[in-house]
Protein chains: 2
Amino acid sequence: MPKTAEKLDFGGTGPLPPRTSGTAPVNGPFAGIDLLPAEQCPVRNVLDRLGDAWSYLVVLQLTGGAMRFNALKRAVDGISQRMLTVTLRNLERDGLVQRTVFPTTPPQVEYRLTELGHSLAEPMAVLTRWASSHHDAIRASRRSYDAAGKP
Amino acid sequence: MPKTAEKLDFGGTGPLPPRTSGTAPVNGPFAGIDLLPAEQCPVRNVLDRLGDAWSYLVVLQLTGGAMRFNALKRAVDGISQRMLTVTLRNLERDGLVQRTVFPTTPPQVEYRLTELGHSLAEPMAVLTRWASSHHDAIRASRRSYDAAGKP
DNA sequence: CTGAATCCTAATAGATACTG
DNA sequence: CAGTATCTATTAGGATTCAG
C-alpha cells in the first residue's frame with residue numbers, strides 16, 4: 001500500500017488500501033454496485049479480512065457451529081496460537097464472530113458466528129465453488145506458463 | 001504460513017498454505033464442495049491471488065474491457081509500476097489474463113481477461129455486493145469495539 | 001484452558017534508477 | 001511505452017515465555 005496516500009478512515013484497522021480513484025466499470029456484473037464510492041472501498045475492507053487464509057478457514061470452521069479456542073486450533077491445523085488469537089480478535093471486531101466467556105475453572109471460551117458472520121457464508125461458498133470448479137484449469141495454466149520457461 | 005508444514009505442490013507459486021487437516025462442515029452452504037480434499041485446498045489458491053487488493057482491482061478494471069499497461073496503472077491509482085507488473089504476471093500465469101504484445105514503436109501491450117477471468121467476475125460480484133451491503137455494519141462494529149477500549 | 005507479551009526473521013511492498 | 005533491477009523500510013508471522 002502506498003505510504004504516500006493520505007490516511008483515510010477505514011475503520012482504523014489493518015493496512016490502508018490505496019486510493020481507488022479509478023472509474024469502476026458501469027456495465028457487467030459490477031454495474032450498480034457501490035464499489036469505489038469516493039475514497040473508501042467497501043470491498044477492500046472485506047478482502048483485507050478474508051484475503052488472509054486464516055480468517056477464511058476460521059469462518060469456514062465456525063459455519064459448523066460454535067467452537068472453543070483449542071478446538072479451533074486443532075481444526076485449523078497449522079495455525080499458530082498467536083495467529084488464531086489475532087484472527088479471532090479481528091473477526092470479533094468486525095462483528096463476524098461473537099466471543100463468549102464462561103467463568104468456569106478452567107476458563108472456557110466459545111466462538112460462534114454472528115448473524116452477520118453467517119450471512120457471509122453464502123458469498124464465500126460462491127467463491128469457493130468457483131475455485132473448486134476452476135482449480136484444475138488454473139493449475140494447468142500455471143504448469144504451461146512455467147513450462148514455457150518464464151521464471 | 002507455518003514453515004513447519006511440509007511443502008506441498010500447489011502449483012509452485014506464492015506462500016504455501018498450512019495443512020488443512022480440519023474436517024469441513026458437512027452441512028450448510030459448503031456441503032458438497034470439494035473444499036479440503038486431501039492436502040491441497042483449491043480455495044486457498046484462489047484467495048491467495050484475490051486476497052491481495054491489487055489483483056482484485058486489476059481484474060475488476062479489466063471486466064470493462066482490454067487495457068494497456070499505463071492505462072491500468074492510472075486506473076488502479078496508487079499501484080506501483082512494480083506491483084502492477086507482478087500482479088499482471090500472476091494473473092497471466094493463472095490464466096485469468098491474456099497479455100498481447102503489438103510490435104509497434106513504441107511497443108504496445110494489451111491486457112484482457114480470458115474466458116476464465118470473466119467467469120470469475122460473477123463470484124467476485126457476489127462478494128462485492130455482500131461487502132457493499134454490510135460495510136456499514138462492519139464499520140459500526142469496529143467503532144463500538146474500539147470504543148469499548150480494546151486496543 | 002485461554003490467552004498476552006516479547007523477540008526475531010523472512011517475505012513483501014514501495015521507491016528509484018535504468019533499458020529495449 | 002512497458003517494463004527490469006536493485007535497494008530499503010515495513011510488516012506479517014512463528015517461536016517462546018509468562019499469566020489469570
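Both backbone and side-chain heavy atoms feed into the values below; hydrogens, waters and symmetry mates do not. To find a chain, count down the sequence lines: A is the first, B the second, and so on, and within it residues start at 1. Small disclaimer: the values here were computed from a predicted structure and weren't measured.
Residues passing the side chain to side chain contact (heavy atoms under 4.5 Å, CB included) test with A:Gln108, sequence neighbours excluded: A:Arg68, A:Phe102, A:Thr104. Every residue two or more places apart in sequence or in another chain was checked for a salt bridge (Lys or Arg N to Asp or Glu O under 4.0 Å) with B:Arg89, and none qualifies. By the side chain to side chain contact (heavy atoms under 4.5 Å, CB included) test, A:Ala66 is found to be paired with A:Glu110, A:Arg112, residues two or more places apart in sequence or in another chain being considered. Taking B:Ser133 as the reference, nothing meets the side chain to side chain contact (heavy atoms under 4.5 Å, CB included) condition, with sequence neighbours excluded.
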Encode nucleotides 1-6 of chain D as B, S and - characters from 5' to 3', where the letter depends on protein heavy atoms closer than 4.0 Å: B to the base, S only to sugar-phosphate, - to neither.
-> BSBB-B
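The strand DNA chain D forms stems, runs of 3 or more Watson-Crick or G-U wobble pairs with distances below 3.5 Å, at C:1-20 with D:1-20.
Atoms CG and CG, on B:Leu50 and B:Asp48 in that order, are 10.0 Å from each other to the nearest 0.5 Å.
In this structure, CG of B:Asp48 is placed 15 Å from P of C:dA11, rounded to the nearest angstrom. Distance, B:Met83 CE to C:dT16 P: 17 Å, rounded to whole Å. A:Lys73 places its NZ atom 15 Å from the P atom of C:dA4, with the value rounded to the nearest Å. When rounded to the nearest whole Å, the span between CG of A:Leu84 and C1' of C:dA4 equals 14 Å. Atom CH2 in A:Trp54 sits about 10 Å away from atom C1' in D:dG14, given to the nearest Å. Look at CG on A:Leu72: it is 10 Å from P on C:dT2, rounded to the nearest Å.
In the hydrophobic clustering of ILVMFWY residues, with side-chain heavy atoms under 4.5 Å counting as a link, A:Val86 and A:Tyr56 come out apart. Linking ILVMFWY side-chain heavy atoms closer than 4.5 Å, directly or via other members, places B:Ile79 and B:Val109 in a single hydrophobic cluster.
Nearest heavy atoms, B:Asp94 versus A:Arg142: OD1-NE, 2.6 Å.
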